[in-house]
Amino acid sequence: MKIKKKETTTMNKRVIKTVMSSLVAVAMAFGMSGTVRAGADNAPQGCSEQTLRGSYLFDAHGWNIVGGVAQPKAIVEAIDFNGNGTLVSPFATVSINGTIIRSSGSVGSYTVAADCTGTLTFTGGPSFDIFVQHGDGKQVWMIQTNANTVFEGTAIKVH
């Protein structure tokens with residue numbers, strides 16, 4: 001019983017550390033982009049769906065919470081943003097509690113506001129809040145918003 005409690009406490013500390021690290025990264029990104037927007041008239045324009053166009057590689061890790069127990073989850077996925085609010089995932093490999101799942105051809109949609117925040121939803125699948133790198137959109141921070149998940153990662157433009 002003591003060992004299980006210690007493992008649960010250790011897992012909870014890891015979850016908190018991961019979430020806090022992600023929040024710091026997002027806060028730093030917004031802090032930097034806010035400084036740019038407050039600058040001279042030559043500051044970059046805001047974001048829109050057109051900011052995300054091209055192929056990105058999404059890498060994330062976290063947990064699904066099942067019956068109060070955290071189960072590890074990781075993914076490597078390609079996401080092709082079409083620049084118009086639609087997307088396709090040509091491939092993905094997910095590990096959930098050690099079980100590998102491969103998929104291809106998933107479709108979805110996304111929104112991007114002028115302040116570079118937005119949402120991403122895979123049809124019939126997970127949803128995310130997204131934070132787009134201001135200006136060029138070369139990086140997208142994502143956190144899953146479905147219930148019973150602690151899952152975050154970054155999509156980096158590769159083409």
Side-chain angles (χ1 to χ4, degrees), residues 11-12 14-33 36-37 44-159:
M11 182 66 77
N12 288 342
R14 287 182 187 158
V15 168
I16 290 168
K17 184 178 178 182
T18 299
V19 169
M20 293 307 291
S21 296
S22 300
L23 291 175
V24 168
V26 169
M28 288 175 55
F30 279 122
M32 287 184 285
S33 65
V36 171
R37 283 190 296 244
Q45 296 296 317
C47 293
S48 72
E49 282 81 9
Q50 293 176 343
T51 307
L52 296 179
R53 177 181 291 277
S55 297
Y56 290 70
L57 188 60
F58 177 52
D59 170 35
H61 62 279
W63 297 269
N64 285 340
I65 311 302
V66 180
V69 177
Q71 295 184 345
K73 175 178 172 180
I75 188 169
V76 174
E77 175 177 29
I79 302 173
D80 292 337
F81 290 98
N82 297 320
N84 62 3
T86 64
L87 63 89
V88 175
S89 172
F91 68 84
T93 301
V94 181
S95 175
I96 300 175
N97 206 27
T99 301
I100 302 299
I101 303 166
R102 293 179 179 89
S103 66
S104 62
S106 299
V107 297
S109 60
Y110 65 95
T111 63
V112 179
D115 67 356
C116 300
T117 63
T119 61
L120 183 152
T121 302
F122 288 97
T123 304
S127 297
F128 297 83
D129 280 350
I130 63 173
F131 308 92
V132 179
Q133 182 172 326
H134 193 268
D136 59 11
K138 289 184 178 178
Q139 201 164 356
V140 182
W141 293 271
M142 300 171 55
I143 186 164
Q144 191 171 349
T145 55
N146 302 80
N148 298 315
T149 62
V150 179
F151 193 63
E152 62 80 28
T154 305
I156 298 174
K157 190 169 187 173
V158 293
H159 184 342

Handout entry: Q133 side chain reached by W141 side chain, heavy atoms, under 4.5 Å
Key = yes
Exercise for the section: Please indicate whether K157 has more than 12 foreign heavy atoms, meaning atoms of other residues, nucleotides or ligands, lying under 6.0 Å from its NZ. Expected result: yes
Problem - Gap between atom CD1 of I143 and atom OG1 of T154 - 0.5 Å precision - result: 11.0 Å
Handout entry: Any pair counted as ring pair (Phe, Tyr, Trp, His ring centres under 6.0 Å), so long as it reaches residues 67-94, sequence neighbours left out
Key = Y56-F81, F81-Y110
Got a list of side-chain donor-acceptor pairs under 3.5 Å for residues 66-74, not counting sequence neighbours?
unit_1: K73; atom_1: NZ; unit_2: N64; atom_2: OD1; d: 3.4
unit_1: K73; atom_1: NZ; unit_2: Q144; atom_2: OE1; d: 3.0

Problem - Closest non-hydrogen atom pair, G125 against N146 - result: O-ND2, 4.1 Å
Handout entry: Aromatic plane relationship, F151 with F128 - under 30° parallel, 30 to 60° tilted, over 60° perpendicular
Key = tilted
In residues 46-53, what donor-acceptor pairs under 3.5 Å come from side-chain atoms, sequence neighbours left out?
unit_1: S48; atom_1: OG; unit_2: Q50; atom_2: N; d: 3.1
unit_1: E49; atom_1: OE2; unit_2: V112; atom_2: N; d: 3.1
unit_1: T51; atom_1: OG1; unit_2: S48; atom_2: N; d: 2.9
unit_1: T51; atom_1: OG1; unit_2: S48; atom_2: O; d: 3.1
unit_1: R53; atom_1: NH1; unit_2: N82; atom_2: O; d: 3.3

Problem - Donor-acceptor pair between T145 and S127 side chains, under 3.5 angstrom - result: no
Practice task
Look up atom OG in S109 and atom CG in L120, then write down how far apart they are to the nearest 0.5 Å.
Solution key: 7.0 Å
Handout entry: Residue pair T119 / D129, side-chain heavy-atom distance below 4.5 Å
Key = yes
Handout entry: Minimum-distance pair of heavy atoms, taken over all atoms of A60 and G153
Key = CB-CA, 3.7 Å
Exercise for the section: For residues A78 and P90, report the shortest heavy-atom separation together with the two atoms involved. Expected result: O-CD, 3.4 Å
Problem - Heavy-atom closest contact (A92 atom, I75 atom, distance) - result: CB-CD1, 4.4 Å
